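Read the structure below first, then the notes.
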Amino acid sequence: MRYSKYFLPTLREVPTEAEVVSHQLMLRSGMIRRVAAGIYELLPLGVRVIRKVEAIVREEMDRAGAMEILMPTVLPAELWQETGRWDFYGKELLRLKDRNGREFCLGPTHEEVVTDLVRREVRSYRQLPFNLYQIQTKFRDEIRPRFGLMRGREFTMKDAYSFDADRAGAEKSYRAMHEAYTAIFRRCGLKFRAVEADSGKIGGNLSHEFMVLADTGEDRVVSCLECEYAANLEMAALAPPPKGAPSGGIPRKEGEKESSEGGRYPIEVKTPGMRTVEEVTKFLGVSARRLVKTIVFNGDRGPVAVLVRGDHEVNPAKVRRLAEDDTLEIADPDIVERVTGAPVGFAGPVGLAIPVFADHAVAGMSHFVTGGNAADIHLTEVDLVDFEVEAFGDLREAAPGDPCPKCGGKLDFLRGIEVGHIFYLGTKYSGSMKAHFLDEAGAEKPIEMGCYGIGVGRTAAAAIEQNHDDKGIIWPLPIAPFQVILLSLDPGKKDVHSVAEKIYRDLTSAGIEVLFDDREERPGVKFNDADLIGIPLRITVGERGLKEKMVEFRERATGCESKVPVERAAEAVKEFLGKME
RNA sequence: CGGGAUGUAGCGCAGCUUGGUAGCGCGCAUGGUUCGGGACCAUGAGGCCGCGAGUUCAAAUCUCGCCAUCCCGACCA
């Protein structure tokens, strides 16, 4: 491809609309342009990258035995009403009406549609198992689209759905997808982790997220330094600490309410305006480990209180699981006030009338500090005997250095971008949509399903987040829009021109993807554009090199330069690309 | 949806406080000189100043309404 003829509008300056690097660089490198909030055009360079990712995805899905289909983007309301998601999905579902007033939506995901397809065709266990996938445009009317292709409203997604006769089969399908995903992201040249994940609203109870590691990632991932364990921070389990002496000494016994000096336990202390753990510990001169934080949650079944040690953070997802109420959220200040009788910052478990859940770590504490459920009052010398706990459990967020739940090693924290998510669904959709089959015994059963998604554009964006420098993108070779960029520094000079043309022809006929910068531009412009668009190998043809009958190779990722004799250029490129594979 | 901000040339911005009909840098076009890390000189094209209403002799500037975009939060592949 000749640059002079290519539609590749690069930008020198950063458009203000772009906040994150991948978005900035995609705009600057002429990959994308914005049409509306969260809706983008893909320019030629962008399309090339997306197609590369898609090709890898397609190959690995096919290899795993999945079959490609294509479902529509406009979906009838009836299917969504059948599973209840027409109402449940909320505003994210973009709804529209046709000329007859019939309701439709733009598909944000396709469980309903495939399930409908499959239930119409599958009668017998003999037709199972199989896996259908598509690479298709989805639309989700996100509350706040941002970060370019990272979180658009319209985006390209590969979604796959597996159909099995039983749970064991479904788990096998799930593992096959896990392997396929691992192969896909590895082949894309990305550093990633498959982490245990919360299966969330889609339901089911077996789920992994594939996270591309990048410091700018929005998701926090914990990963064991010693074993393979990795999990979404929400999921990262923590084993109860070993039983031992309570951290504050021997706790008081039931009914022991008076001190030897005649004072009553727990002891009320004035803490005017001291709301945060930091303020209270400083004021009272104790460490945060001696404090118990009380966090009020509210849900459909009413409020609950959660206790964690002062230096720990509560993990809402764990609270929801332990309390068995999916609707629990951290309560608003007015609810906190109603429940505790005190402004936020002075909540404590003593005398609370709502169920109290406590983190394991609290079980090992004695003579601790809590809020007093009254403005400007805290309690010291509190013990577990002073209040009732509904249940102890793992309720806090993991922190760096915490022990790994699998092997006891230390947990490390990483940041990642979720590019893929796999779920075991069970019979969630097949049940409600009556996608049944007859098993060997002639019994009618719902099909066991799994669903598996990859954000294609997001994968490209994540690749940039992970691989860039201050000059621009550094594409991993497998998803680079071109493998080689060939610069002719003086297209006006005959010798330079003819050598560059010759190398261009040789590379092209060898099947190598090369962008030939034959523009009438100054060298600096060409070097900078080449760095910006991030093609892995740059070849420079210029007078300076030609004096010695050499052209220059430069690797984008490392900056390594070398001189190669003109006549060996094409061959050397092949060697270079072979080495990088 | 709540809080904050911004809309002026393709991009980045100034002008708005104190009304007088628009400017800078980059980019673009033409000519010349340059030519190995975003050149220089000259000339030039390009703007219903987001949209609508109002105040005024006069509005980019003041007032009101609307729209769009961005940021923070809740939400999310």
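Reckoned from all heavy atoms, side chains included, excluding hydrogens, waters and symmetry mates. Note that this is a predicted model, so its numbers are computed, not measured. So that the names make sense, note that chain A is the first sequence line, chain B the second, and so on, each numbered from 1.
Here the nucleotide nearest the side chain of A:E92, chosen from B:rA77, B:rC75, B:rG38, is B:rC75. Minimum atom distance to the side chain of A:E13 is reached by B:rG12, of the listed B:rC71, B:rG12, B:rC70. The nucleotide whose nearest atom lies closest to any side-chain atom of A:R12 is, among B:rC75, B:rC72, B:rC26, B:rC26. The side chain of A:E142 approaches B:rA77 more closely than any other nucleotide in the set B:rA77, B:rC35, B:rG38. With B:rG36, B:rU69, B:rA77 as the candidates, the nucleotide lying closest to the side chain of A:L489 is B:rG36. Across B:rC70, B:rG36, B:rC11, the shortest atom-to-atom separation from the side chain of A:P15 is found for B:rC11. In the set B:rC70, B:rC75, B:rG36, the nucleotide with an atom closest to the side chain of A:T540 is B:rG36. Relative to the side chain of A:K91, the nucleotides B:rA77, B:rC1, B:rC72 differ in distance, and B:rC1 lies closest.
Remark: the separation of the C1' atoms in B:rC49 and B:rA59 is 11 Å, to the nearest Å. Nucleotides B:rC1 and B:rC64 have their C1' atoms positioned 24 Å apart, rounded to a whole Å. Spacing between B:rG19 and B:rG32 at atom C1', rounded to whole Å, works out to 44 Å. As rounded to the nearest Å, B:rC51 and B:rU69 have P atoms that lie 16 Å from one another. Remark: the separation of the C1' atoms in B:rC57 and B:rG44 is 36 Å, to the nearest Å. For the C1' atoms, the distance linking B:rC28 with B:rC71 amounts to 32 Å, nearest Å. B:rG12 and B:rG36 have their P atoms separated by 31 Å, given to the nearest Å. For the C1' atom pair drawn from B:rG47 and B:rC24, the interatomic distance equals 14 Å after rounding to whole Å.
At a threshold of 4.0 angstrom between heavy atoms, the contacts of A:R458 include nucleobase atoms, whether or not backbone atoms are also involved. Note on A:K471: a base of the nucleic acid sits closer than 4.0 angstrom, heavy atoms only. A:V14 comes within 4.0 angstrom of sugar-phosphate atoms only, judged by non-hydrogen atoms across all strands, and of no base. At the heavy-atom level, A:E19 lies under 4.0 Å from the strands shown only through sugar-phosphate atoms. Among the atoms of the strands shown, base atoms are found under 4.0 Å from some heavy atom of A:I143. Residue-level contact check: A:G420 touches neither bases nor backbone, having no heavy atom under 4.0 Å from any strand. Nucleic acid contact class of A:G542 (heavy atoms, under 4.0 Å, all strands): base. As judged by a 4.0 angstrom heavy-atom cut-off over every strand, A:D159 is placed among residues making no nucleic acid contact. Base engagement by A:G152 is indicated by at least one non-hydrogen atom pair under 4.0 Å involving a base atom. At a threshold of 4.0 angstrom between heavy atoms, the contacts of A:R33 with the nucleic acid are absent. Nucleic acid contact class of A:E329 (heavy atoms, under 4.0 Å, all strands): sugar-phosphate only.
Contact check for A:K318 versus A:E397: no side-chain heavy atoms found under the 4.5 Å cut-off. Between A:M1 and A:F482, some side-chain heavy-atom pair lies under the 4.5 Å cut-off.
Across all strands shown, nothing is found opposite B:rU55 as a Watson-Crick or G-U wobble partner with both distances under 3.5 Å. The base-pairing partner of B:rA14, taking Watson-Crick or G-U wobble contacts with both distances under 3.5 Å, does not exist among the strands shown. Base pairing of B:rG7 is made with B:rC67, judged by Watson-Crick or G-U wobble geometry with both donor-acceptor distances under 3.5 Å. In this structure B:rG27 sits in no base pair that meets the Watson-Crick or G-U test at under 3.5 Å. Base pairing analysis places B:rU33 opposite B:rA39; the two distances defining the Watson-Crick or G-U wobble pair are each below 3.5 Å. Across every strand in view, B:rG2 sits in a pair with B:rC72 that passes the Watson-Crick or G-U test at under 3.5 angstrom. Across the strands present, B:rU61 finds no partner; the criterion is a Watson-Crick or G-U wobble pair with both atom distances under 3.5 angstrom.
The nearest whole Å value for the distance from the CZ atom in A:F88 to the C1' atom in B:rC76 is 13 Å. Taking atom CZ on A:F139 and atom P on B:rC76, their separation rounds to 18 Å, with Å as the unit. Put simply, CD on A:E41 is 14 Å from C1' on B:rG10, counting in whole angstrom units. One can place CZ of A:F147 at 16 Å from P of B:rU69, the figure rounded to the nearest angstrom. Following rounding to the nearest Å, A:N232 (CG) and B:rC76 (C1') show an atom-to-atom distance of 13 Å. Here the P atom of nucleotide B:rA39 and the CD atom of A:E520 are 15 Å apart, to the nearest Å. Between the CG atom of A:L27 and the P atom of B:rC70 there is a distance of 11 Å, rounded to whole Å. Remark: C1' of B:rC75 and CD of A:E218 are 11 Å apart, rounded to the nearest angstrom.
Regarding contacts with the backbone of B:rG38, every side-chain N or O of A:K526 stays at 4.0 angstrom or more from both OP1 and OP2. Using a 4.0 Å cut-off, no side-chain N or O of A:R522 falls inside it from OP1 or OP2 of B:rC40. For B:rC76, the OP1/OP2 oxygens have no side-chain nitrogen or oxygen of A:R146 closer than 4.0 Å. Using a 4.0 Å cut-off, some side-chain N or O of A:T16 falls inside it from OP1 or OP2 of B:rC13.
Judged by distance alone, with hydrogens and angles left aside, A:R151 brings a side-chain donor or acceptor within reach of the base of B:rC76, the pair sitting under 3.5 Å. In this model, a side-chain donor or acceptor of A:R538 finds a partner on the base of B:rG37 within 3.5 Å. The base of B:rG37 sits within donor-acceptor range of the side chain of A:D531, with an N or O pair under 3.5 Å.
For A:F527 and B:rG36, the ring-to-base geometry does not satisfy the stacking test (centroid distance below 5.5 Å, interplanar angle below 30°).
Judged purely by distance below 3.5 Å, without hydrogens or angles, the side chains of A:Y452 and A:N131 never pair a donor atom with an acceptor atom. No donor-acceptor contact under 3.5 angstrom links the side chains of A:S22 and A:Q24, judged on distance only. A donor and an acceptor atom, one from each side chain of A:S207 and A:H421, are located under 3.5 Å apart. Side-chain contact, A:D518 with A:S4: a donor N or O sits under 3.5 Å from an acceptor N or O. Side chains of A:E521 and A:Y3: no donor on one and acceptor on the other come within 3.5 Å. Side chain to side chain, A:H208 and A:Y181 fail the donor-acceptor criterion of an N or O pair below 3.5 Å.
Along RNA chain B, the nucleotide nearest to A:D529 and the one nearest to A:R140 differ in position, and the one closer to the 5' end is contacted by A:D529.
Using the six-membered ring where Trp is involved, A:Y40 and A:H23 have ring planes that are perpendicular, over 60° apart on the 30 and 60° scheme.
Taking the charged nitrogens against the carboxylate oxygens, A:E59 and A:R187 do have a contact shorter than 4.0 Å, which makes a salt bridge.
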